[in-house]
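What you see is a predicted model, and the numbers here were worked out from it, not measured in a lab. When reading the values below, keep in mind they use all heavy atoms of this one structure, side chains included, and skip hydrogens, waters and symmetry mates.
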Amino acid sequence: MAQLRQDVEPAEAGLDAEALDRLDRRFAEHVDAGRLPGYLVSVARGGRVAHLTTYGLRDVAAGLPVGTDTLWRIYSMTKPVTAVAVLLLVQEGRLSLDDPLDRHLPAFAGPRVYAEGAGAEVRTRPAAGPILIRHLLTHTAGLTFGFYHRHPVDALYREAGLEYSVPPGKDLAETVDVYARMPLQFDPGTQWNYSVASNVLGRVIEVVSGQPLDAFFAERILGPLGMTDTGFHITPEQAPRLAELYGETDEGGIEPVPGLPVRGRPRFLSGSGGLVSSAYDFHRFMELLRRGGELDGVRLLAPETHALMTSNQLPDGATLRSFGAPVHREPGMDGLGFGFNVSVVTDPARTLAPSHPGTYGWTGVATTAFWVDPAHDLTVQFMTQVRPKKLKVFPELRRLVHEAVTDRPARPATDPGPA
């Protein structure tokens, strides 16, 4: 079991130690006030970890502290891993970004789009074109989530047992067949709507590769990168290190809530949000991205493929707000584009938090986050386990990290990261 470690002092990596102390104090306040159980944050430049803090508890009732070896449900931070898996198949010529989805999953042939009505009175029309693989990678396929409660199609998802993305007892193949029976909210490629698309990609990976999704991840990504603490389930030996999951209460505190079942291989393998990982392992994944698709002599993505994944793929330079469905048209999203399962900063002034053009990353529903800032050779990860209602810590985290970066340049991105 490898654990993340601090490699250098902040000043050596061009970071202000006092600013990082402010970050630690602020997030310790969140823990001490009962808004978070505990957390881990790491900041690295040039692949060298220059700031690593753990604080608080991974299990409040048991009094167990957060450690560098704690395991976290990373939920939607699974999606960039799924994107890498898809792009491996694209590079091998077994899949194309412009393949119609029904070439691999025939249940999606002849998609239909919502036209009007609600419930049993919903009327649909033929889609203007097929769903493409690239639409799934960019969340522009017309799929949705049942928990949005904003559109008649969302309600149809809930009626089909899809409020939490998977009907009880069904596996990935069975669940994706249910998705295929749902009308699309809009014609593929015409809007951005965060959705179950990465679960569909997970099934595409299984069909094209001939392997279960967990086996493909382990053989092609996790094993080669040395991510031995990452997977869709944990072993009995790993179980004591798993952080408990909490939900934010209406009063702003936290209470235990049921989490994604990970003690034993799940029936449903979610490419959208199924992985458990450690800080060391996710640092390895960030390093793969920071270095352009290669780590320690293992190249997974060609430079050109990596560039596609981490650049804005929305048409005509659109942002999540301008291209998004109504549920997503909110402040801050106006400065973000979208690559392949990662957001990409296009206009820092509009993101409502300090950032730099080209910075990319994503978050998880349990208040986990990561980003890679190529302009400053910077990688950041934040781990905790709270499903929020009103809690918003990411803008604060970005501001505090941003304040810590000095003018001193970091090492070149080609320098090797930690072994």
What verdict does the salt bridge (charged side-chain N to carboxylate O under 4.0 Å, His left out) test give for E403 and R398, after you've listed the backbone C-alpha separation in whole Å, the side-chain angles of each residue and the deciding distance to 0.1 Å?
CA-CA 9 Å; E403 290 173 357; R398 288 184 178 273; over 6 Å; no
Could you walk me through whether E248 and E255 pass the side-chain contact (heavy atoms from CB on, under 4.5 Å) test, one step at a time?
CA-CA 7 Å; E248 185 183 3; E255 62 184 3; over 6 Å; no
V66 vs W72, side-chain contact (heavy atoms from CB on, under 4.5 Å): CA-CA, chis, key distance, verdict
CA-CA 10 Å; V66 173; W72 313 89; 3.7 Å; yes
Checking side-chain contact (heavy atoms from CB on, under 4.5 Å) for the pair V84/F285: CA distance, chi angles, key distance, verdict?
CA-CA 10 Å; V84 170; F285 184 73; 3.9 Å; yes
Salt bridge (charged side-chain N to carboxylate O under 4.0 Å, His left out) between D229 and R241, intermediate numbers included:
CA-CA 10 Å; D229 262 338; R241 296 190 281 128; 3.0 Å; yes
Would R134 and D99 count as a salt bridge (charged side-chain N to carboxylate O under 4.0 Å, His left out) here? Give the steps.
CA-CA 8 Å; R134 68 168 63 250; D99 278 352; over 6 Å; no
Does the pair R125 and D187 meet the rule for a salt bridge (charged side-chain N to carboxylate O under 4.0 Å, His left out), with working shown?
CA-CA 10 Å; R125 59 171 175 79; D187 286 308; 2.9 Å; yes
Step-by-step side-chain contact (heavy atoms from CB on, under 4.5 Å) determination, V86 to V204
CA-CA 8 Å; V86 170; V204 171; over 6 Å; no
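Checking each of R45, R290, R48 against D377 for a side chain to side chain donor-acceptor pair (under 3.5 Å) leaves exactly one that passes, namely R290. Exactly one residue among L97, L308, L95 makes a side-chain contact (heavy atoms from CB on, under 4.5 Å) with L87. That residue is L97.
Looking at S272 and S270, their side chains never bring a donor and an acceptor atom within 3.5 Å of each other. Using modelled atom types, one finds a donor on one side chain and an acceptor on the other under 3.5 Å when comparing S76 with K79. Between the side chains of D334 and T319, a donor-acceptor pair is found at a separation under 3.5 Å. No side-chain donor from either of Y55 and D24 sits under 3.5 Å from a side-chain acceptor of the other. A donor atom on one side chain and an acceptor atom on the other are not found under 3.5 Å apart for Q191 and Q185. H233 and D214 share no donor-acceptor pair across their side chains, judged by distance under 3.5 Å alone. Checked by atom type, the side-chain pair Q381/S42 shows a donor-acceptor distance below 3.5 Å.
Nearest approach of P212 to R265, heavy atoms of both residues: CB-NH2, 3.7 Å. The two residues R73 and A366 come nearest to each other via the heavy atoms O-CB, 4.3 Å. Nearest heavy-atom pair, M286 versus V372, reported as atom, atom and distance to 0.1 Å: O-CG2, 4.3 Å. What you find for G259 and L245 is that their closest heavy atoms are CA-CD2, 3.4 Å. The heavy-atom pair separating N341 from P80 by the smallest distance is O-CG, 3.4 Å.
In this structure, the side chains of W371 and L397 come closer than 4.5 Å at one or more pairs of heavy atoms. Taking 4.5 Å as the limit, every side-chain heavy atom of V41 sits out of range of all side-chain heavy atoms of F27. In this structure, H356 and H376 have side chains that are in contact, with non-hydrogen atoms separated by less than 4.5 Å. Under the 4.5 Å side-chain criterion, counting only non-hydrogen atoms from C-beta, T68 is not in contact with Y280. Annotation: side chain of V90 is not in contact with side chain of S96 (no heavy-atom distance under 4.5 Å). Counting heavy atoms from C-beta on, the side chains of E219 and S209 never come closer than 4.5 Å. Looking only at side-chain heavy atoms (C-beta outward), Y194 and H328 come within less than 4.5 Å of each other. When side chains are defined from C-beta on, L391 counts as touching L36, because their heavy atoms get closer than 4.5 Å.
Within the 3.5 Å criterion, the main-chain N or O of E174 finds a donor-acceptor partner in the side chain of D171. Panel note: side chain Y179, backbone L143; no donor-acceptor pair is recorded below 3.5 Å. In this structure, the side chain of R123 does not engage the main chain of A115 through any donor-acceptor pair within 3.5 Å. Under the 3.5 Å distance criterion, the side-chain polar atoms of D281 are matched with a main-chain donor or acceptor of T228. Side-chain atoms of D59 come within 3.5 Å of backbone atoms of A62 as a donor-acceptor pair (strictly under, hydrogens ignored). Distance alone, capped at 3.5 Å, places no donor-acceptor pair between the S322 side chain and the A318 backbone. Side-chain atoms of H104 never come within 3.5 Å of backbone atoms of L101 as a donor-acceptor pair (strictly under, hydrogens ignored). A donor-acceptor pair under 3.5 Å links the side-chain atoms of T384 to the main chain of G38, judged by distance alone. Side-chain atoms of D373 come within 3.5 Å of backbone atoms of A375 as a donor-acceptor pair (strictly under, hydrogens ignored). For the pair R150 (side chain) and A325 (backbone), a donor-acceptor distance under 3.5 Å is absent.
In the displayed structure, R158 atom CZ is contacted under 6.0 Å by more than 12 heavy atoms of other residues, nucleotides or ligands. Within a 6.0 Å sphere centred on OH of Y164, other residues, nucleotides and ligands contribute 12 heavy atoms or fewer. Counting heavy-atom neighbours within 6.0 Å of E121 CD, excluding the residue itself, gives a total of 12 or less.
Salt bridge R284/D296: present, at least one basic N to carboxylate O contact under 4.0 Å.
Of the inter-residue distances, the one linking F382 atom CZ with L40 atom CG reads 8.5 Å to the nearest 0.5 angstrom. The structure places CD of Q211 at 10.5 Å from CD1 of I205, a figure rounded to the nearest 0.5 Å. Taking CG of N312 as the start and OG1 of T346 as the end, the distance is 6.0 Å to the nearest 0.5 Å. Here the CZ-CG distance, from R291 to L301, works out to 13.5 Å after rounding to the nearest 0.5 Å. Rounded to the nearest 0.5 angstrom, E396 CD and L23 CG are separated by 8.5 Å. How far CG of N193 is from OG1 of T144: 4.5 Å, rounded to the nearest 0.5 Å.
In this structure, F232 has its ring center closer than 6.0 angstrom to the ring center of F217. Centroid-to-centroid, the aromatic rings of Y114 and H151 come within less than 6.0 Å. Proximity of the aromatic rings of F282 and F370 is defined here by a centroid distance below 6.0 angstrom, and this criterion is met. The distance between the ring centers of W362 and F338 falls below 6.0 angstrom. F145 and Y157 have their aromatic ring centers separated by at least 6.0 angstrom.
Below 30°, between 30° and 60°, or above 60°: for Y360 and H306 the angle between ring planes is above 60°, a perpendicular geometry.
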